[in-house]
**Student:** 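Below are the C-alpha cells for one structure; questions will follow.
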2 protein chains.
Amino acid sequence: MTDRPDMPEIDRIDRAILRILAADGRISTTVLADRVGLSKTPVAARIRRLEAAGVITGYAAHLSARKLGLGHVAFVEVRLSDTREAALLAFNAAVRKLPEVEECYMIAASFDYLMKVRTRDITEYRRVLGETISALPHVASTSTYVSMESVKEPGISQI
Amino acid sequence: MTDRPDMPEIDRIDRAILRILAADGRISTTVLADRVGLSKTPVAARIRRLEAAGVITGYAAHLSARKLGLGHVAFVEVRLSDTREAALLAFNAAVRKLPEVEECYMIAASFDYLMKVRTRDITEYRRVLGETISALPHVASTSTYVSMESVKEPGISQI
DNA sequence: CCTGAAAAATTATTCGC
DNA sequence: GCGAATAATTTTTCAGG
C-alpha cells in the first residue's frame, strides 16, 4: 500500500487522538495526552499537524434538532432535465446555499441527486419543496421520503 | 405559540450563541461574548443553560472523510420481513452498533429504512453489505445507491 | 520523537454594583 | 447584565535523553 499525497501518515496514536476529539472536541491537551499515554508536547504537535493537513476540518457544537424544533427529516430524490457539466455545477452551487438541505449527494442511479432536508414540520417541508427545491436550476422532478423515526443520526451543527 | 416543555425558551441571543458555537465549537466565552454583544458573565450562564437543557448535546472535532480514506458513501434502502414492534427494536439496536452506518431513518414508504453507509471504497462496501447489513435482524432485501460526488455534507465526527 | 518542568498566556469564575 | 479581580487551566517553550 503506497502513500497518497492527500493522505498524510496517520499512525495508531493519531487515530486515538482523532477518535477522542471526535467524541469530545473540547477536551484539553493535558487530558488527551493522559488518555493516549503520551506527554502534552507531542500530542499538541500532532493535533496541530492533523489540523494543518486538513484531517481535522474544524470543531463544532452539536445541537439537538428536536429541542430546536427542527425534528422533521425528509429525503428527496431529484431528477434534472439537463445533466451536462454546467447544469450540474449550477445545481450544486444553488444547493449549497440552502440551509434546509443538510446533505446532498450526486447518485449513480435512476435519479440524479439524493438530499436530506431538515425542517420544522411537514408543513414547512411542503413549502420548502414547492418554493425552494423545485426552483433549483434544472430540476425536472422529485420524490420525497419522510422519516418517521431517527434511528441513528449525527448531532446537527447548523441553525 | 405556546411553550413546549421539551423546548426551552431560546431568544435571539441564544440563537446567535448557538450559531457561532455550531461553526466554532472551541471559541472562548470571551470572544463569543464580544461577538454577541454581551459580557462574559451572561454568555457563560447561557451556554451552561443550553447545555443543561440538552440543546447543546456535545462538542466534536470534524474530520475529513477523504483524508481518512473513508470517501465511499452509499445509501441503502432496507426492507424487513417483520415490522412488528419487537422486530423494529431489534433492528434499530443492531444498526446503532455498526460504525459504518452513519445515519439511519425509518421511512414511511415502500421500503422501511434508509441508511447512509460510509466505507473506504466500493470493495469494502460490498463486504459490509453482504456480511453485515444483510445479516441485520429481519432484513428481507436491500437496494443500494452509490454516491458519485458529495455536494454537501457535514464533516464526519466518527473514526 | 518523547519527557518533564517552568513560564507565559488564556480562560473561567466570582462578586459587588 | 456589567466589569473588575481572582482563581484555575491551558498552551507554549525548552533543556535533556
Side-chain angles (χ1 to χ4, degrees), chain A residues 1-64 67-69 155 157-159, chain B residues 1 3 5 7-64 67-69 155-159:
Chain A
M1 202 159 347
T2 70
D3 293 351
R4 280 167 45 185
D6 61 333
M7 258 187 73
E9 320 242 317
I10 294 173
D11 64 18
R12 193 163 201 77
I13 291 174
D14 285 333
R15 292 214 172 255
I17 289 171
L18 292 172
R19 202 176 321 110
I20 293 167
L21 279 176
D24 180 1
R26 281 201 133 172
I27 196 171
S28 73
T29 314
T30 313
V31 179
L32 184 50
D34 265 6
R35 285 233 252 155
V36 301
L38 253 60
S39 67
K40 312 191 282 198
T41 316
V43 171
R46 279 165 184 268
I47 293 172
R48 262 197 301 273
R49 186 178 130 266
L50 291 164
E51 287 170 346
V55 178
I56 297 171
T57 58
Y59 300 87
H62 277 182
L63 310 179
S64 163
K67 299 264 168 119
L68 288 167
S157 44
Q158 172 213 158
I159 178 162
Chain B
M1 198 160 348
D3 292 350
M7 259 186 72
E9 319 242 317
I10 295 174
D11 65 17
R12 193 163 199 78
I13 291 176
D14 284 333
R15 292 214 173 256
I17 290 172
L18 292 172
R19 202 174 324 108
I20 293 168
L21 279 175
D24 180 1
R26 281 201 133 172
I27 197 171
S28 72
T29 314
T30 313
V31 179
L32 184 50
D34 264 7
R35 286 232 251 155
V36 301
L38 254 62
S39 68
K40 312 192 287 195
T41 316
V43 171
R46 279 166 183 267
I47 294 173
R48 261 196 300 273
R49 185 177 131 268
L50 290 165
E51 288 170 347
V55 178
I56 297 172
T57 57
Y59 300 88
H62 277 181
L63 310 178
S64 163
K67 300 263 166 121
L68 288 168
I156 67 171
S157 46
Q158 174 213 161
I159 180 163

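So that the names make sense, note that chain A is the first sequence line, chain B the second, and so on, each numbered from 1.
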**Student:** Roughly how far apart are B/Ser157 OG and A/Leu21 CG, rounded to 0.5 Å?
**Tutor:**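 Reported to 0.5 Å precision, the distance equals 11.5 Å.
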
**Student:** Rounding to a whole Å, what distance do you find between B/Lys40:NZ and C/dC15:P?
**Tutor:**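 Rounded to the whole Å, the gap is 15 Å.
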
**Student:** Using every non-hydrogen atom in the two residues, find where B/Val36 and B/Ala16 come nearest and quote the distance to one decimal.
**Tutor:**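 Heavy atoms only, the tightest pair is CG1-CB, 4.0 Å.
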
**Student:** Can you tell me how far P of C/dA12 sits from CZ of B/Arg48, to the nearest Å?
**Tutor:**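 The distance from CZ of B/Arg48 to P of C/dA12 comes to 10 Å, rounded to the nearest Å.
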
**Student:** A/Arg26 or A/Gly37: which one's nearest nucleotide on DNA chain C is closer to the 5' end?
**Tutor:**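 Whichever sits nearer the 5' end wins; that is A/Gly37.
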
**Student:** Name the closest nucleotide to the B/Thr30 side chain, picking from D/dT10, D/dC2, C/dA12.
**Tutor:**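 Nearest listed nucleotide: C/dA12.
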
**Student:** Determine the contact category for B/Thr29: base if any of its heavy atoms lies under 4.0 Å from a base atom, sugar-phosphate if only primed atoms, P, OP1 or OP2 are that close, otherwise nothing.
**Tutor:**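 If one applies the 4.0 Å heavy-atom cut-off, B/Thr29 turns out to touch the sugar-phosphate alone, with no base involved.
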
**Student:** Once you apply a heavy-atom cut-off of 4.0 Å, does B/Pro42 come out as touching a base, just sugar-phosphate, or nothing?
**Tutor:**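 Counting heavy atoms under 4.0 Å across all strands, the contact made by B/Pro42 is with sugar-phosphate only.
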
**Student:** Does the pair B/Arg35/B/Asp24 count as a salt bridge with the N-to-O cut at 4.0 Å?
**Tutor:**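 Answer for the salt bridge query: no.
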
**Student:** With the side chain counted from C-beta on, respond yes when A/Ile13 and A/Leu38 share a heavy-atom pair under 4.5 Å apart, and no when they do not.
**Tutor:**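 With C-beta onward as the side chain, the pair touches.
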
**Student:** Atom CG of A/Asp34 and atom P of C/dT3: how far apart are they, to the nearest Å?
**Tutor:**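 Rounding to the nearest Å, CG of A/Asp34 and P of C/dT3 are 11 Å apart.
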
**Student:** Round to the nearest Å and state the distance from A/Asp11 atom CG to C/dC2 atom C1'.
**Tutor:**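 Going from CG in A/Asp11 over to C1' in C/dC2 covers 13 Å.
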
**Student:** Where do A/Arg26 and B/Ile27 come nearest, in terms of heavy atoms and distance?
**Tutor:**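 Looking at all heavy atoms of both residues, the shortest contact is NH2-O, 3.0 Å.
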
**Student:** B/Arg12 has an atom CZ; how far is it from atom C1' of D/dG1, in whole Å?
**Tutor:**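 It works out to 19 Å between those atoms.
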
**Student:** In whole Å, what is the span from the CD1 atom of A/Ile17 to the C1' atom of C/dC2?
**Tutor:**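 Rounding to the nearest Å, CD1 of A/Ile17 and C1' of C/dC2 are 13 Å apart.
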
**Student:** Please report, rounded to the nearest Å, how far the P atom of C/dC2 is from the CG atom of A/Leu32.
**Tutor:**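 Taking CG of A/Leu32 and P of C/dC2, I get 13 Å after rounding.
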
**Student:** Rounding to a whole Å, what distance do you find between B/Ile47:CD1 and C/dT11:C1'?
**Tutor:**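 Taking atom C1' of C/dT11 as the reference, CD1 of B/Ile47 is at 12 Å.
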
**Student:** For A/Thr41 and B/Ile13, take the nucleotide of DNA chain D holding the closest heavy atom to each; which residue's nucleotide lies nearer the 5' end?
**Tutor:**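 Nearest-nucleotide comparison on DNA chain D picks B/Ile13.
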
**Student:** Can you tell me if the side-chain N/O atoms of A/Arg46 get under 4.0 Å from OP1 or OP2 in C/dC1?
**Tutor:**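 No, because none of the side-chain N or O atoms of A/Arg46 sits under 4.0 Å from OP1 or OP2 of C/dC1.
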
**Student:** Nearest to the side chain of A/Ser28, which nucleotide is it out of D/dT10, C/dT13, D/dG3?
**Tutor:**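 Per side-chain heavy atoms of A/Ser28, the pick is D/dT10.
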
